[in-house]
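Below is one structure, written out as structure tokens; the observations come after it.
So that the names make sense, note that chain A is the first sequence line, chain B the second, and so on, each numbered from 1. All values below were derived from every heavy atom in this structure, side-chain atoms included, with hydrogens, water molecules and symmetry-related copies excluded. These figures come from a predicted structure and were not determined experimentally.
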Amino acid sequence: NAGVTQTPKFQVLKTGQSMTLQCAQDMNHEYMSWYRQDPGMGLRLIHYSVGAGITDQGEVPNGYNVSRSTTEDFPLRLLSAAPSQTSVYFCASSPDRLPYNEQFFGPGTRLTVL
Amino acid sequence: KQEVTQIPAALSVPEGENLVLNCSFTDSAIYNLQWFRQDPGKGLTSLLLIQSSQREQTSGRLNASLDKSSGRSTLYIAASQPGDSATYLCAVQLDSNYQLIWGAGTKLIIKP
């Protein structure tokens with residue numbers, strides 16, 4: 001199993017550009033989520049999904065969209081990037097519909113918005 | 001609102017020392033508490049998970065304790081090694097919706 005994979009590893013955008021951060025898992029996990037990590041702060045939940053076709057907002061959803069058309073993939077879309085979205089983004093998955101126990105994290109995407 | 005604090009933000013100790021990392025939280029209504037390790041440029045690795053009904057968990061040289069009533073957890077690392085250098089993150093999982101609330105982490109440097 002590859003586990004949780006994220007692409008790209010690094011990305012630089014200009015303000016106003018759009019892009020999609022990819023996340024995939026091959027463990028048949030129901031629950032997937034996106035976090036952002038900023039210096040001096042804990043990870044914050046952006047969006048999550050409890051299964052294909054079901055998504056919900058986390059703590060900091062503004063400026064981000066998600067969809068879950070398959071169990072394996074959970075892309076995060078930035079429609080119009082802003083410098084405040086400069087951060088490291090982590091995708092995570094968990095076996096059950098709710099993250100009762102251990103979550104498995106991808107390696108992260110470091111995004112810079114100029 | 002649940003808040004998680006980790007102090008100190010950074011710690012540097014000589015190799016071989018035993019050390020303790022601290023994590024405090026404001027609301028005792030938690031489902032569990034988890035400790036993670038983060039290496040530069042890499043993802044997060046789960047180290048220990050303590051259910052709310054448990055007092056401690058051990059894995060090798062690592063021991064994590066949980067005191068819900070005082071809102072505290074400690075991660076004890078025995079006989080530290082340079083390979084233990086990393087950022088250690090603490091997260092509490094809420095009883096209400098199972099979401100994780102994270103501390104900002106302690107950056108640990110073990111000097112050879």
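Within residues 32-42 of chain A, the residues having any heavy atom closer than 4.5 Å to a heavy atom of chain B are A:Tyr35, A:Gln37, A:Gly40, A:Met41, A:Gly42, listed by residue number. Interface residues of residues 12-34 of chain B toward chain A, defined by a heavy-atom distance below 4.5 Å and sorted by number: B:Tyr31, B:Asn32, B:Gln34. Contacts from residues 60-75 of chain B to chain A, taken as heavy-atom pairs separated by less than 4.5 Å, involve no residues at all. By a heavy-atom distance cut of under 4.5 Å, B:Leu89, B:Gln93, B:Tyr98, B:Gln99, B:Leu100, B:Trp102, B:Gly103, B:Ala104 are the residues of residues 79-112 of chain B near chain A, going up by number.
A:Leu78 and A:Val88 are not part of a single hydrophobic cluster, where members link through side-chain heavy atoms under 4.5 Å apart. In the hydrophobic clustering of this structure, A:Leu21 does not group with A:Tyr31; members are Ile, Leu, Val, Met, Phe, Trp, Tyr whose side-chain heavy atoms approach within less than 4.5 Å, directly or through other members. In the hydrophobic clustering of ILVMFWY residues, with side-chain heavy atoms under 4.5 Å counting as a link, A:Leu111 and A:Ile46 come out together. In the hydrophobic clustering of ILVMFWY residues, with side-chain heavy atoms under 4.5 Å counting as a link, A:Tyr64 and A:Val50 come out apart.
Nearest approach of B:Gln38 to A:Phe90, heavy atoms of both residues: NE2-CZ, 3.3 Å.
Crowding of A:Arg110 atom CZ: a count of heavy atoms from other residues, nucleotides or ligands under 6.0 Å not exceeding 12.
One finds the OG atom of B:Ser46 at 8.0 Å from the CZ atom of A:Phe104 (value rounded to the nearest 0.5 Å).
The residue among A:Leu43, A:Leu45, A:Val4 with the most heavy atom pairs within less than 4.5 Å of chain B is A:Leu43.
Residue B:Leu49 touches chain A through its side chain alone, counting heavy-atom pairs closer than 4.5 Å. For B:Gln51, the part lying near chain A is the side chain, with the backbone staying farther off; criterion is any non-hydrogen pair under 4.5 Å. Only the side chain of A:Tyr48 comes within contact range of chain B, with at least one heavy atom under 4.5 Å from a heavy atom of that chain.
Between B:Lys42 and A:Pro107, the closest side-chain pair of non-hydrogen atoms is not below 4.5 Å.
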